Colleague: 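Can you read through this structure? Questions will come right after.
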Amino acid sequence: MKKVRYTSIDGRGGFYALLGVLGLFILAGLGAAYYMEHNGHWVTGMDNQTVWGLPHVFAVFLIVAASGALNVASIGTVFGKAPYKPLARLSAVLAVALLVGGLVVLLLDLGRPDRLIVAMTYYNFKSIFAWNIILYTGFMGFVAIYLWTMMDRTVRKYYKLAGFTAFIWRLILTTGTGSIFGFLVGRQGYDAAIMAPMFVVMSFSFGLAIFLLVLMAAYDWTGRPLGEALLMRLKNLLGVFVAGALYFVIVFHLTNLYATEHHDWEKFILMGESVHTKVFWLGQVLLGSLVPLGILYSKAGRSRAWIAVASALVILGGFATMWVTIIGGQSFPLVLFPGMEVVSSGYFDDVAYHTYSPSFPELVLGLGGVAVALIAVVVAVKVLNLLPSSLADADVDPHHKG
Amino acid sequence: MKKVRYTSIDGRGGFYALLGVLGLFILAGLGAAYYMEHNGHWVTGMDNQTVWGLPHVFAVFLIVAASGALNVASIGTVFGKAPYKPLARLSAVLAVALLVGGLVVLLLDLGRPDRLIVAMTYYNFKSIFAWNIILYTGFMGFVAIYLWTMMDRTVRKYYKLAGFTAFIWRLILTTGTGSIFGFLVGRQGYDAAIMAPMFVVMSFSFGLAIFLLVLMAAYDWTGRPLGEALLMRLKNLLGVFVAGALYFVIVFHLTNLYATEHHDWEKFILMGESVHTKVFWLGQVLLGSLVPLGILYSKAGRSRAWIAVASALVILGGFATMWVTIIGGQSFPLVLFPGMEVVSSGYFDDVAYHTYSPSFPELVLGLGGVAVALIAVVVAVKVLNLLPSSLADADVDPHHKG
Amino acid sequence: MSDPKKETMDQGRRRFLGAGAAAAATIAPGVTLMQVASAKPDDQPVSDKNRWGLLIDTTKCASGCDACVQACNEEFNLQPQHGPRTDPHWIRKVEVRDTATGRTFSLPMMCQHCENPPCADVCPTGASFRRDDGIVLVDRHICIGCRYCMMACPYKARSFVHEEIPEEDKNVNAPRGKGCVEACTLCVHRVDKGRQPACVEACNGDGHKAMIFGDLKDPGSEISRELKKYPSTQIRADLRLNPGVFYKGI
Amino acid sequence: MSDPKKETMDQGRRRFLGAGAAAAATIAPGVTLMQVASAKPDDQPVSDKNRWGLLIDTTKCASGCDACVQACNEEFNLQPQHGPRTDPHWIRKVEVRDTATGRTFSLPMMCQHCENPPCADVCPTGASFRRDDGIVLVDRHICIGCRYCMMACPYKARSFVHEEIPEEDKNVNAPRGKGCVEACTLCVHRVDKGRQPACVEACNGDGHKAMIFGDLKDPGSEISRELKKYPSTQIRADLRLNPGVFYKGI
């Protein structure tokens with residue numbers, strides 16, 4: 001294996017145009033947040049039945065994908081796979097960028113974002129949410145250190161340790177994110193220990209899909225070589241992760257289907273009239289899982305364009321998954337009286353399901369978070385030596401037969 | 001890579017002595033089964049509170065380990081890792097042998113083992129148990145075909161397909177085994193979707209530990225070379241699997257600890273006075289997980305003797321896990337009246353927990369099942385060309401630097 | 001392959017008596033005419049037009065009284081053999097204390113004859129099944145004794161026959177056999193003759209009158225009218241199994 | 001870092017009246033002496049010697065009557081603004097039908113003041129908390145409006161303040177503010193003065209007398225004696241949250 005040379009990208013016109021577009025999205029997102037905060041959340045699609053709306057779909061997706069984006073680095077460092085090592089810097093930066101994007105959305109969607117300092121100083125240690133604040137902060141710190149050990153020869157001896165710590169931390173972090181939902185005892189769609197490992201596997205899938213798209217875009221746009229064998233490795237890995245996530249989804253629903261107490265909930269999600277049923281089957285299962293699997297494991301999987309399509313579909317499926325999990329989970333009314341029906345209620349206990357239509361500002365805020373993540377990556381590859389000048393197969397894999 | 005040459009082992013005196021000892025265990029097991037069937041189950045430690053006893057602990061452990069033992073073959077075939085390919089034949093044979101051993105115990109512990117034909121002809125397709133009968137039968141069939149494609153050049157073209165089918169089938173099989181418990185809605189210790197993937201990861205761990213011991217014993221006793229690098233790969237993989245299983249155990253208990261409704265159950269398992277608390281902490285967590293992890297990832301992990309110790313501990317931990325899951329799960333009384341206490345009962349509803357002391361015949365039956373599995377492997381390596389004449393690193397790994 | 005459920009139902013059907021409601025009334029003292037009227041006429045097949053159920057009033061069920069348990073043991077000749085841990089228990093008395101309020105009450109527990117019985121869901125051979133009229137039974141001829149139903153039942157309502165049943169203890173009211181699982185049959189042999197279950201009869205005969213048997217699908221039956229009028233509870237209602245046994249005063 | 005819980009409790013303590021039980025009796029018509037006697041004497045600090053709770057008799061709660069809801073809205077000046085989906089609802093009326101028995105009943109739902117409140121478990125800052133005397137509150141000064149408590153509450157008892165509260169609607173009985181979560185306080189401002197919650201007062205004043213307020217830890221209080229004597233239910237008892245609100249006749 002030749003020594004890998006990392007260089008920053010050239011800042012041509014396209015680069016600044018990209019910065020500009022992303023900047024506009026960020027500005028729009030800030031404006032949307034201000035609008036919602038100023039008026040109060042009644043101007044959004046949210047209400048007292050659906051208290052977490054589209055911004056949470058974006059935020060949780062980005063946070064889950066963040067820890068998954070670090071996997072490429074972890075496979076190199078923790079599991080010692082040489083071909084992944086040159087990708088580690090981009091992987092680490094992308095992970096932090098996605099996390100920041102998600103957290104910005106989460107913060108700006110709070111009822112009182114001005115009380116960030118309260119959230120940082122008052123801790124209820126029984127709250128998995130409070131733990132997550134620590135986990136997010138720690139993730140950024142540990143990944144930054146990890147990146148430092150990759151880039152600075154003087155601290156190279158801590159590289160393994162930093163990589164291992166970041167890997168363990170990211171597993172705990174996504175376990176914490178999944179547990180936000182898994183720990184909710186009162187709702188039919190949550191309250192399941194499987195949510196934590198399911199989110200971990202989903203993070204593998206979403207994070208790698210984003211990484212693949214960013215990697216292909218960066219190498220295509222900067223005209224750097226990107227090896228076929230490396231790409232095949234990554235797309236095969238994506239297939240395994242997508243199948244793994246689908247496995248957890250199947251187990252989750254099958255187990256619910258076995259328990260009579262969950263039949264109403266499953267009927268609502270799997271066979272209901274609400275939009276969530278369509279999003280589940282078309283978005284999460286078909287477009288988000290089966291079609292990408294078909295692409296990745298067929299001959300189409302050898303084409304870069306099709307790998308990009310599969311990655312984009314996995315990301316789409318990720319949003320669908322978060323939609324069904326977060327919005328769908330809230331749409332199903334609380335079961336106050338098992339075995340009985342609420343005939344009438346002063347507060348929507350008697351509906352088949354709660355509806356939620358996202359408002360435009362919520363969408364803009366969510367997209368703003370995506371833009372924050374992307375702009376961070378774009379700036380980072382410009383100012384830091386993150387990308388290997390070449391990812392041609394002969395340059396990354398000691399065993400590659402040219 | 002040189003071409004791998006598979007040869008059967010020589011049948012010296014030690015071979016027949018081993019056969020004899022295992023045969024005695026099998027005879028004793030059959031005798032124990034006859035004794036229990038003839039007298040009725042009241043002569044065992046089981047009762048109407050603990051209806052699945054030590055035989056189930058053995059049976060479920062063997063069945064779970066069976067599918068895990070196939071993993072070594074799957075890694076070679078499905079994930080294309082060359083160094084694992086020479087191990088595939090032994091892996092497949094061990095998988096079938098363990099399954100047969102487990103099924104024998106399960107069958108002989110039935111109330112009416114004479115009705116095996118009923119179990120094979122009457123199916124309730126809503127029963128995960130009925131599904132498992134199909135899954136077990138199919139597993140043996142698919143693995144046999146898989147083995148055939150490995151050993152017969154004329155059907156070599158179906159090797160990939162057979163390996164992939166067997167891999168998917170084994171995942172479904174262990175999902176089914178875990179779901180036997182996960183689907184039990186009425187008991188505090190079960191009723192959780194996470195049981196299925198937890199059993200899958202545990203199967204990786206138990207199966208590989210048994211494989212490692214069998215491999216090392218076979219190559220040591222027959223004086224064949226077994227490469228250091230190969231062994232390091234396998235022991236590192238074992239470490240990952242043990243850590244993975246521990247992760248699921250932690251998530252399972254943490255989620256329960258968050259839900260007030262599960263506090264009594266968690267208190268019983270984690271801090272109770274029953275034997276299950278000791279078996280959990282000492283057997284499952286300490287000896288079965290932490291100590292092996294310590295061995296495998298420390299300098300001791302480079303020694304064959306210590307790898308053997310770690311593998312043996314993982315197996316011990318596996319039995320502890322099955323004990324806590326199966327016996328512990330039944331020990332905790334059913335919650336008939338949430339929030340109320342049963343003051344007195346005509347049928348043990350008022351106890352803190354149900355006790356169970358295995359009888360000697362139950363132990364003998366369980367060991368008989370282990371002997372069935374082992375004798376099948378021993379005979380197979382004698383009559384079939386299963387073991388490569390050399391597993392020296394240079395012979396198995398194309399990239400190995402001598 | 002013959003359908004085991006059908007067989008068992010046919011057996012039940014074949015075993016009816018020529019005499020109808022009047023005969024039942026004389027056999028079962030303390031049974032009101034209303035209750036008898038709600039039982040299945042003998043010449044009708046088992047159908048989902050009925051759902052047999054029980055309503056148990058815990059405020060009338062006397063602590064310490066086990067007349068229902070005695071009657072059940074007698075009806076099916078359930079004899080103690082090697083100790084309570086393995087002896088059959090088709091019905092048992094339970095005393096409960098509400099820890100939040102300090103209130104205590106007493107009740108009999110038995111098979112709750114769920115509409116969605118987990119025992120039948122998990123049974124690999126279909127030996128555990130639910131008759132069209134809601135009675136949950138074990139077909140002892142195809143039970144392989146795997147005991148998965150006992151793992152699945154949330155009420156510990158089932159017993160495994162741990163030992164040989166002496167010839168003299170064998171009973172025509174329900175076939176029983178070593179190595180199989182058994183449970184309360186809601187006295188299906190009586191119900192099919194238009195009679196009350198033995199436990200209900202005993203509770204009435206005893207003067208407590210804490211148990212009402214009847215057809216949950218007949219709006220005019222005493223049990224339906226009581227259920228509609230007064231609050232009642234199904235045990236572990238959160239599992240949504242919709243048991244056919246209801247309790248008042250829990 | 002000061003302890004927010006302590007602060008709120010101190011505020012509660014400071015707000016007591018000089019007059020005791022007698023004052024409460026005149027303020028709250030229809031309240032019996034027994035009930036007043038069970039309320040906290042004004043000069044005692046909040047302690048875990050009391051646990052305040054409610055007993056709601058659904059057989060007395062009239063379908064269609066929403067006196068309790070009206071009283072609550074008035075007490076806290078909860079004004080409708082942009083529609084029911086986002087308006088605050090601290091208490092609501094619910095009509096329920098038991099699908100198994102056909103029985104119907106009516107009841108008010110509000111914060112159930114759990115002993116193990118999931119809202120407080122999940123709250124990242126500790127803004128949601130349970131006072132020593134069992135009342136579950138939101139400290140609006142450290143609530144960041146994350147709404148995780150609303151995800152966690154099994155009773156949908158909480159409201160998010162979706163809009164600015166007009167100056168003229170602001171109320172001394174509980175501080176409220178845009179972007180924070182709020183819920184039934186069990187009228188802690190009244191309880192701390194030895195009075196009854198507004199909903200209870202209204203229900204009694206209305207003549208239905210379906211609600212009893214009192215100290216669950218005082219065995220002599222009316223609520224404790226009723227609970228010990230008659231069957232009652234906690235909603236979603238299976239979650240083991242041990243709510244302080246009990247219902248009769250569910």
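Every chain is numbered from 1, with letters handed out A, B, ... down the list of sequences. None of these values were measured; they are calculated from a predicted model.
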Colleague: Please look at B/Glu261 and chain C and tell me whether the side chain, the backbone, both or neither of the residue comes under 4.5 angstrom of a heavy atom of that chain.
Modeller: neither

Colleague: Without swapping roles, check the side chain of B/Asn124 against the backbone of C/Asp121 for a donor-acceptor pair under 3.5 Å.
Modeller: yes

Colleague: Which atom pair, heavy atoms only, marks the closest approach of B/Met46 to C/Thr86?
Modeller: O-CG2, 3.8 Å

Colleague: B/Ser179 versus chain C, heavy atoms under 4.5 Å apart: side chain, backbone, both or neither?
Modeller: backbone

Colleague: Which of the residues B/His38, B/His354, B/Met36 is involved in the greatest number of heavy-atom pairs with chain C at under 4.5 angstrom?
Modeller: B/His38

Colleague: Would you mind checking which part of B/Asp114 comes under 4.5 Å of any heavy atom in chain C, side chain (CB onward), backbone (N, CA, C, O), both or neither?
Modeller: neither

Colleague: Go through B/Ile128, B/Asp350, B/Val335, B/Leu106 and name the one with the most non-hydrogen pairs under 4.5 angstrom from chain C.
Modeller: B/Val335

Colleague: Which value, rounded to the nearest 0.5 Å, describes the distance between C/Lys93 atom NZ and B/Ser345 atom OG?
Modeller: 10.5 Å

Colleague: Relative to chain B, which segment of C/Ile165 carries a heavy atom at a distance below 4.5 Å: side chain, backbone, both, or neither?
Modeller: neither

Colleague: Output yes when a side-chain donor or acceptor of C/Lys156 lies under 3.5 Å from a complementary backbone atom of B/Tyr347, and no otherwise.
Modeller: yes

Colleague: Just by distance, do the side chain of C/Lys178 and the backbone of B/His41 share a donor-acceptor pair under 3.5 Å?
Modeller: no

Colleague: For a quick test of reading the model, state the closest non-hydrogen atom pair linking C/Tyr155 to B/Leu336 and the distance between them.
Modeller: CA-CD2, 3.7 Å

Colleague: Measure distances from B/Gln330 to the heavy atoms of chain C and classify the residue's part below 4.5 Å as side chain, backbone, both or neither.
Modeller: side chain

Colleague: With rounding to the nearest 0.5 Å, note down the distance linking CD1 in B/Ile117 to CD1 in C/Ile144.
Modeller: 12.0 Å

Colleague: Verify, without hydrogens or angle tests, whether C/Thr125 (side chain) and B/Tyr122 (backbone) share a donor-acceptor contact under 3.5 angstrom.
Modeller: no

Colleague: Where do B/Ser127 and C/Cys123 come nearest, in terms of heavy atoms and distance?
Modeller: CB-O, 3.3 Å

Colleague: Where does B/Asp349 contact chain C at under 4.5 Å (heavy atoms): side chain, backbone, both or neither?
Modeller: both

Colleague: Quick check: are there more than 12 heavy atoms from other residues, nucleotides or ligands sitting under 6.0 Å from CD of B/Glu273?
Modeller: no

Colleague: Sub-3.5 Å donor-acceptor pair from the side chain of C/Arg85 to the main-chain atoms of B/Gln49, do we have one?
Modeller: no

Colleague: Should B/Val118 and C/His141 be marked as a side-chain contact (heavy atoms from CB on, under 4.5 Å) after you check the CA-CA gap, both sets of side-chain angles, and the distance that decides it?
Modeller: CA-CA 9 Å; B/Val118 174; C/His141 300 292; over 6 Å; no

Colleague: Is B/Trp169 atom CH2 crowded by more than 12 heavy atoms from other residues, nucleotides or ligands, each under 6.0 Å away?
Modeller: yes

Colleague: About how many Å separate SG of C/Cys153 and CG of B/Leu184, when rounded to the nearest 0.5 Å?
Modeller: 11.0 Å

Colleague: Under a 4.5 Å heavy-atom cutoff, which of B/Asn48, B/Ile133, B/Leu107 has the most pairs with chain C?
Modeller: B/Asn48

Colleague: By a 4.5 Å heavy-atom criterion (distance strictly below it), what part of C/Ala120 contacts chain B: side chain, backbone, both, or neither?
Modeller: backbone

Colleague: Exactly one of B/Tyr190, B/Phe183, B/Phe181, B/Phe129 should register a ring-ring contact (aromatic ring centres under 6.0 Å, His included) with C/Tyr148. Which one does?
Modeller: B/Phe129

Colleague: Nearest heavy-atom pair of B/Arg115 and C/Arg140: which atoms, and what distance?
Modeller: NH1-O, 2.7 Å

Colleague: What residue, out of C/Leu239, C/Val122, C/Val161, has the most heavy-atom pairs lying under 4.5 Å from chain B?
Modeller: C/Val122

Colleague: In terms of heavy-atom proximity below 4.5 Å to chain C, should B/Leu110 be classed as side chain, backbone, both, or neither?
Modeller: both

Colleague: Could you have a look at B/Gly346, B/Ser344, B/Pro333 and say which one has the most heavy-atom pairs with chain C under 4.5 angstrom?
Modeller: B/Ser344

Colleague: Highest number of heavy-atom pairs under 4.5 Å with chain B: which of C/Gly179, C/Gly177, C/Cys180?
Modeller: C/Gly179

Colleague: Report which part of C/Pro118 has an atom under 4.5 Å of a heavy atom belonging to chain B: side chain, backbone, both, or neither.
Modeller: side chain

Colleague: Stepwise, does the side-chain contact (heavy atoms from CB on, under 4.5 Å) test hold for C/Arg147 with B/Asp109?
Modeller: CA-CA 10 Å; C/Arg147 314 187 286 286; B/Asp109 190 50; 2.8 Å; yes

Colleague: So, taking the atom named NE2 in C/His82 and the one named CG in B/Asp47, what distance separates them when rounded to the nearest 0.5 Å?
Modeller: 14.0 Å

Colleague: Which word best sums up how the rings of B/Phe337 and C/Phe105 line up, parallel for under 30°, tilted for 30 to 60°, or perpendicular for over 60°?
Modeller: perpendicular

Colleague: If you count heavy-atom pairs under 4.5 Å with chain B, which of C/Asp87, C/Val69, C/Thr99 comes out on top?
Modeller: C/Thr99

Colleague: Does the B/Trp52 side chain pair with the main chain of C/Met151, one donor and one acceptor, at a distance under 3.5 Å?
Modeller: no

Colleague: Please give me the minimum heavy-atom distance between B/Ala130 and C/Pro124, naming the atom from each residue.
Modeller: CB-O, 3.5 Å

Colleague: Where do B/Gly339 and C/Asp98 come nearest, in terms of heavy atoms and distance?
Modeller: O-OD1, 4.0 Å

Colleague: Determine whether a donor-acceptor pair (N or O, by modelled atom type, separation under 3.5 Å) exists between the side chain of C/Arg97 and the backbone of B/Glu341.
Modeller: no

Colleague: Under 6.0 Å from the NZ atom of B/Lys267, do we count more than 12 heavy atoms belonging to anything else shown?
Modeller: no

